[in-house]
Undergrad: 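Could you have a look at this structure, given as structure tokens, before my questions?
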Amino acid sequence: MDIELMLKKAVLNAVGKLYKQTPDEKLIQIQKTRKDFDGDFTLVVFPLLRVSKKPPEQTANELGEYLKDNIEQISEFNVIKGFLNLSIDKIFWISYLNTVVQDDNYGFIKNKENPKTILIEYSSPNTNKPLHLGHIRNNLLGYSVAKIIESQGDKVYKVNLVNDRGIHICKSMLAWQKWGEINSYLNWIPINNLDSNYRSYLNKNNYPKEYVQFCKEIEKYCTKIISGYKTGNVRSKLGGNEYRSELKIIFKKIRNRGNSCEQLKYIIDNVDQFINKSTFKDLLRKRIKRQRKKVESLEVIKELLNTNITPDRIKRKGDHLVGDFYVKFDQEYKKEIEELVSKGQTEEDAKKNAPLILKAQEMLRKWEAKDPEIISLWKEMNHWVLEGFDITYKNLGVDFDKTYFESKTYKLGKKLVEEGLKERVLIKKEDGSVWVDLTKEGLDQKILLRSDGTSVYMTQDLGTAHQRFTDYNADEAIYVVGNEQNYHFQVLKIILGKLGFSWSEYLHHLSYGMVELPEGKMKSREGTVVDADNLLNEMTLTAEEMSRELGKLEGYSDSEEKQIIETIGLGALKYFILKVDPKKTMTFDPKESIDFNGNTGPFIQYTFARIQSIIRKANDKGMKLPIELNSKIKISNKELQLIKLIYSYPEVLKEAANDYSPAQIANYIYDLAKEFNQFYHDHPILGEDDKSISEFRLHLSKQLGEIIKSGMGLLRINVPDRM
RNA sequence: GGUCUCGUAGCUCAGUUGGAUAGAGCAAUAGCCUUCUAAGCUAUGGGUCGCAGGUUCGAAUCCUGCCGGGAUCACCA
């Protein structure tokens, strides 16, 4: 039963009876009474004055009297200025709570009539660099909105469109070809810039297996020889003391390099020197025949060091490795531009003429011509990146029903354009390029096919939109894409409309604001990006530190500990991002923004854990929840307030689904948790003597816990039973 | 320059189908752990809702102009 609807009808009825005139339904404004006034629902009477033709206070009083006398659930009313505050009988609220407790999917809509099929695209990464903070917002939003819409009974398909082709990936490929030898890579990659995983990995001496083997071999041979000299087993004619001292020097050099990381670099840098030393080689070859194979294996290792790096060899996440090369490309490209400028070219020309960019463009052409060598490199590098993304997605807790690749879809849309030309919706210019004229819509002209007949981004998006709607027979499609593309989607929608697709009006752009750092925008070229994997890691570390400090991790096994800190760290991050209205630009301060007190994820998780603790204790006591609550008990204002909050949950979900706004759920849950903590503070639950009241409070708490879990679940945030 | 968008407490954000005295958290200060988890609770201070007009019973919310920040306006994606 919807009490608000009932009230509305009652008021309509009352006005008709009292003033002999039925007002427009829109004039009946029922809203929840504000906290600082008595009452549950408020009727704003100002709009009704036209009908009543009496002053506001009098009108309100007359209506109040009538409603109190005629509506069973209305127990009290009061009038302040032009506001009629109505109080609903507490018996109603208690019985409402009763029905809610018995509903396992409270707030969710099941078996909706005519459910819609809705596609939601999010993430849409480029395969040339790892995911960053902006992607985190995108992914969390996309996943959460999908869940929220699903909760309202519609069928949702989550879709990812991976941008795996284009000049950007060629840049990484080219840099890999040029500076990808392991030797070279380890030389230019700034060790300090490597992520913490990699650093700790090096410090643990877990070198790539080839290096480990290499170092071991060298060391083994050398000690063997040296000890041979010492014990006199090696005859002097085989080498003499000169070898011995030489080997000693090599060892000393290696060992003087400080940490293992630098030792490794030193060995790699000087591998030629070691292996080519005739002394060393000859010694191994001639004098220790049995070791012949090992000498050869040294050659193999040398070979390996001169081959190109892969994620496997260095144990670096593939997306990060490819990202390294993207950055490297940019650095070298910049150098070339500077050089050309110093030789007298304008910057603009230099950007076009730099050899590197020309090569990258050539590579793209080869790719389009399906050059086998390029294609296989492209496949390999994309594979690395996608493997890396999968890990990040898994850590974030997001997934997809289907992944589209631009390499397969980029040619789509041409047909649509051709048809558009036939229909004379589009125009062909003299040079053969195809445009759409949007000047009537207050926009510019937009190109759809280049003069050489190839498609642009827009063409492809037209095609994928069409394909998706047909693939899924969808009713709506939502694109979770940053607000920098507002113009693009505006145009996309108009063009699809012009091409005659009626579904174009059901294409929504969920445009979210950028995530900025305190210093301003994130810029990958300037290194001011917050890497997604790093951030997730650091959140967990902070959570661990915090929990230890508070002594919350005592008495847990390692795996329980790990689970708790991950839940908390991730919860803090996800909540922080999702509580902000999607469309707003948000600021993220890595050091200060992430808090565990106040309006945060951990605060809510903590509240949930508290409730679970009470329930555990109740079970221990053998307390059972009654099927039917005693509706005659007295309940406090705080308790009433909590029931009213529970009452509004379904409405919050509905609004959040309509507005694509997880933030509304986040803020609601925060409210709920805050109110609960206040209630908890001064209402004993298990310690209450009156059994009916104790049962009621336990009931109430349990239900609040359920809603916290359910709401947080829609934000993809887990809640721990204890913390 | 055109178009779009945002501007609320020192900071991060709620609040906008027009409704009562504009709310939280962080930071600051002062309190509360022999009782269900103190990642909690209570209290204090902190505001020209960017500015100026307009619409009306009533404007942070709607309209216009201005100021300030951001995005976008490629035969890039």
Side-chain angles (χ1 to χ4, degrees), chain A residues 26 29 31 33-37 42 44-47 49 56 80-83 85 124 126 163 165-168 406 410 429 431-435 442-444 446-458 460-461 482-488 490-491 511 513-514 516 518 520-521 543 546-547 549-550 552 568 572 576 579-581 583-589 592-593 595-607 609-618 621 663-664 666-668 670-671 673-674 676-678 680-688 697-698 701 722-723:
Chain A
K26 278 177 195 157
Q29 289 181 30
Q31 47 198 241
T33 304
R34 290 181 55 151
K35 256 193 231 169
D36 11 288
F37 298 94
T42 297
V44 185
V45 296
F46 291 107
L49 299 184
I80 297 165
K81 294 184 191 169
F83 298 92
N85 298 323
S124 328
N126 287 354
N163 184 358
R165 60 144 239 134
I167 193 81
H168 55 271
E406 285 204 8
Y410 80 106
K429 292 204 173 172
D431 61 1
S433 56
V434 179
W435 298 72
L443 305 167
D444 297 326
K446 180 91 195 167
I447 190 158
L448 294 180
L449 284 182
R450 294 190 186 102
S451 48
D452 62 6
T454 56
S455 43
V456 293
Y457 182 46
M458 182 61 78
Q460 171 206 255
D461 250 12
N483 61 14
E484 61 210 346
Q485 295 202 33
N486 283 353
Y487 182 76
H488 173 80
Q490 197 188 350
V491 173
S511 155
M514 299 287 103
E516 290 183 357
K521 270 202 77 176
M546 213 58 189
S547 303
E549 213 170 276
L550 291 168
K552 300 262 182 187
I568 297 171
F576 183 84
K579 77 173 174 185
V580 181
D581 184 336
K583 66 173 186 248
K584 285 200 176 175
T585 304
M586 65 178 288
T587 318
F588 181 89
D589 186 334
E592 287 166 37
S593 287
D595 214 321
F596 292 81
N597 305 316
N599 188 356
T600 66
F603 168 84
I604 295 167
Q605 290 172 324
Y606 175 71
T607 308
R610 259 184 163 177
I611 293 172
Q612 301 318 301
S613 167
I614 295 169
I615 293 174
R616 279 193 299 273
K617 288 216 160 73
K621 274 179 134 186
Q664 289 176 19
N667 286 305
Y668 165 82
Y670 170 65
D671 250 6
K674 194 172 163 48
F676 172 80
N677 278 316
Q678 287 167 5
Y680 176 88
H681 187 256
D682 36 40
H683 293 71
I685 297 167
L686 302 177
E688 169 61 43
R697 288 181 181 162
L698 185 60
S701 305
R722 52 187 98 206
M723 68 185 270

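Sequence lines set the chain letters: A, B, ... in the order given, protein chains first and strands last, and positions in each chain run from 1. No experiment lies behind these values; they were computed from the predicted model shown.
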Undergrad: With heavy-atom distances below 4.5 Å as the criterion, would you say the side chains of A/Phe83 and A/Val44 are in contact?
TA: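 Yes, close enough: below the 4.5 Å cut-off.
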Undergrad: Check if the side chain of A/Thr42 and the base of B/A20 share a donor-acceptor pair of N or O atoms closer than 3.5 Å.
TA: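 Donor-acceptor pair under 3.5 Å: yes.
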Undergrad: With a 4.0 Å cut-off on heavy atoms, is A/Phe37 in touch with a base, just the backbone sugar-phosphate, or nothing at all?
TA: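 Base, at least one base atom sits under 4.0 Å.
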Undergrad: Please classify the nucleic acid contact of A/Ser547 as base, sugar-phosphate, or nothing, using heavy-atom distances under 4.0 Å.
TA: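 Base, at least one base heavy atom under 4.0 Å.
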Undergrad: Are A/Tyr487 and the base of B/A71 stacked, counting only ring centres nearer than 5.5 Å and planes tilted under 30°?
TA: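 Answer is no, no stack.
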Undergrad: Could you tell me the separation between the CG atom of A/Asp581 and the P atom of B/G7, rounded to a whole number of Å?
TA: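 That distance rounds to 9 Å.
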Undergrad: For RNA chain B, whose closest nucleotide is more 5', that of A/Asn667 or that of A/Pro684?
TA: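 This one resolves to A/Asn667.
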Undergrad: Whole-Å distance between B/A14 C1' and A/Tyr670 OH?
TA: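 Interatomic distance, OH of A/Tyr670 to C1' of B/A14: 10 Å.
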Undergrad: To the side chain of A/Val580, which of B/A14, B/A24, B/A38 is closest?
TA: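 Selected nucleotide (nearest to the side chain): B/A14.
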Undergrad: Compare the minimum distances between each of B/U37, B/A71, B/A39 and the side chain of A/Met546, then state the nucleotide with the smallest one.
TA: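 Taking heavy atoms from C-beta onward, the closest nucleotide is B/A39.
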Undergrad: Please examine the side chains of A/Lys617 and A/Lys621, heavy atoms only from C-beta on, and report whether any two atoms are closer than 4.5 Å.
TA: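 Contact flag for A/Lys621/A/Lys617 side chains = no.
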Undergrad: What does A/Gln31 touch in the nucleic acid at a heavy-atom separation under 4.0 angstrom: a base, only the sugar-phosphate, or nothing?
TA: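 Touches sugar-phosphate only.
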Undergrad: B/U37 phosphate, OP1 or OP2: any side-chain N/O from A/Lys617 under 4.0 angstrom?
TA: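 Yes, A/Lys617 has a side-chain N/O under 4.0 Å of OP1/OP2 on B/U37.
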Undergrad: Has the side chain of A/Asn597 got a donor or acceptor atom sitting under 3.5 Å from an opposite partner on the base of B/A27?
TA: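 No.
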Undergrad: Counting the atoms with a prime plus P, OP1 and OP2 as sugar-phosphate, which does A/Lys583 contact under 4.0 Å by heavy atoms, base, sugar-phosphate, or nothing?
TA: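 Here A/Lys583 touches the backbone only, sparing every base.
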Undergrad: Think A/Ser613 has a side-chain N or O under 4.0 angstrom from the OP1 or OP2 of B/U37?
TA: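 So the side-chain polar atoms of A/Ser613 do come within 4.0 Å of the phosphate oxygens OP1 or OP2 of B/U37, strictly under.
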Undergrad: Just the rounded figure in Å: distance from P of B/C41 to CZ of A/Phe603.
TA: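 Value for this atom pair: 5 Å.
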Undergrad: Send over the distance from A/Gln490 CD to B/U3 P, rounded to a whole Å.
TA: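 The distance from CD of A/Gln490 to P of B/U3 comes to 12 Å, rounded to the nearest Å.
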Undergrad: Under 4.0 Å between any heavy atoms, over every strand shown, what does A/Ile568 touch: base, sugar-phosphate, or nothing? Just pick one.
TA: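 Base contact.
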Undergrad: Taking the minimum atom-to-atom distance to the side chain of A/Tyr680, which one of B/A39, B/C36, B/U21 wins?
TA: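 Output: B/C36.
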Undergrad: Could you list the residues that satisfy ring-ring contact (aromatic ring centres under 6.0 Å, His included) with A/His168, not counting sequence neighbours?
TA: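 Not a single residue meets the ring-ring contact (aromatic ring centres under 6.0 Å, His included) criterion with A/His168.
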Undergrad: What's the closest nucleotide to the A/Tyr606 side chain, out of B/U12, B/A20, B/A39?
TA: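 The answer is B/A39, which lies nearest to the side chain.
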Undergrad: Does the structure show A/Phe46 stacking with B/G58, if we require the centres to be closer than 5.5 Å and the planes to be within less than 30 degrees of parallel?
TA: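 Not stacked by the 5.5 Å and 30° rule.
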Undergrad: Just distance, no hydrogens or angles: give the donor-acceptor pairs under 3.5 Å from side chains in residues 448-455 of chain A, sequence neighbours left out.
TA:
residue: A/Arg450; atom: NH1; partner: A/Thr454; partner atom: OG1; Å: 2.9
residue: A/Arg450; atom: NH1; partner: A/Ser455; partner atom: O; Å: 3.3
residue: A/Asp452; atom: OD1; partner: A/Thr454; partner atom: N; Å: 3.0
residue: A/Asp452; atom: OD1; partner: A/Thr454; partner atom: OG1; Å: 2.7
residue: A/Ser455; atom: OG; partner: A/Tyr410; partner atom: O; Å: 3.0

Undergrad: Is any side-chain nitrogen or oxygen of A/Arg450 closer than 4.0 Å to OP1 or OP2 of B/A77?
TA: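 Checking B/A77 against A/Arg450, a side-chain N or O does come within under 4.0 Å of OP1 or OP2.
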Undergrad: Between A/Gly166 and A/Thr600, who's closer to the 5' end of RNA chain B by nearest nucleotide?
TA: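 Closer to the 5' end of RNA chain B: A/Thr600.
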Undergrad: For residues A/Tyr487 and A/Leu443, determine if any side-chain heavy atom of one lies less than 4.5 Å from a side-chain heavy atom of the other.
TA: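 Yes; the side chains approach each other to less than 4.5 Å.
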Undergrad: Under 4.0 Å between any heavy atoms, over every strand shown, what does A/Met723 touch: base, sugar-phosphate, or nothing? Just pick one.
TA: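 Base: the residue A/Met723, judged by heavy atoms under 4.0 Å, touches a nucleobase.
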Undergrad: Students often get this wrong, so: under 4.0 angstrom with heavy atoms, is A/Asn85 touching a base, only sugar-phosphate, or nothing?
TA: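 If one applies the 4.0 Å heavy-atom cut-off, A/Asn85 turns out to touch a base.
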Undergrad: Within the structure shown, what part of the strands sits under 4.0 Å from A/Val44 by heavy-atom distance: base, sugar-phosphate, or nothing?
TA: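 Answer is base: heavy atoms of A/Val44 come under 4.0 Å of a base.
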Undergrad: Go through B/C36, B/U72, B/C13 for me and flag the one nearest to the A/Met586 side chain.
TA: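 Looking only at side-chain atoms, A/Met586 lies closest to B/C13.
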Undergrad: Is the phosphate of B/U17, meaning OP1 or OP2, less than 4.0 Å from a side-chain N or O of A/Lys26?
TA: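 False: A/Lys26 side-chain N/O out of range (4.0 Å or more) of B/U17 OP1/OP2.
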Undergrad: Is there a side-chain contact between A/Arg34 and A/Thr42 (heavy atoms, below 4.5 Å)?
TA: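 A side-chain contact under 4.5 Å is absent here.
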Undergrad: Taking the side chain as everything from C-beta on, heavy atoms only, tell me whether A/Phe576 gets closer than 4.5 Å to A/Phe588.
TA: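 A side-chain contact exists here, since the closest heavy-atom pair is under 4.5 Å.
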Undergrad: Under 4.5 Å between any side-chain heavy atoms of A/Pro56 and A/Leu49, yes or no?
TA: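 Yes, at least one pair of side-chain atoms sits under 4.5 Å.
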Undergrad: In dot-bracket notation, what is the pairing pattern of RNA chain B, taking Watson-Crick (N1-N3 plus N6-O4 or O6-N4) and G-U wobble (N1-O2 and O6-N3) contacts under 3.5 Å, with [ ] crossing and | for other strands?
TA: (((((((..((((.....[...)))).(((((.......))))).....(((((..]....))))))))))))....
Undergrad: Just compare B/G7, B/A77, B/U37 and give me whichever is closest to any side-chain atom of A/Lys584.
TA: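 Looking only at heavy atoms from C-beta outward on A/Lys584, the closest nucleotide is B/G7.
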Undergrad: By the 4.0 Å heavy-atom rule, please label A/Ile685 as base, sugar-phosphate, or nothing.
TA: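 Result for A/Ile685 = base.
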Undergrad: Of the options B/A39, B/A14, B/U37, whose atoms approach the side-chain atoms of A/Phe596 most closely?
TA: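 Between B/A39, B/A14, B/U37, the one nearest the side chain of A/Phe596 would be B/A39.
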Undergrad: Relative to each other, are the rings of A/Tyr457 and A/His488 parallel, tilted or perpendicular (30° and 60° limits)?
TA: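 Because their plane-to-plane angle is under 30°, the rings of A/Tyr457 and A/His488 count as parallel.
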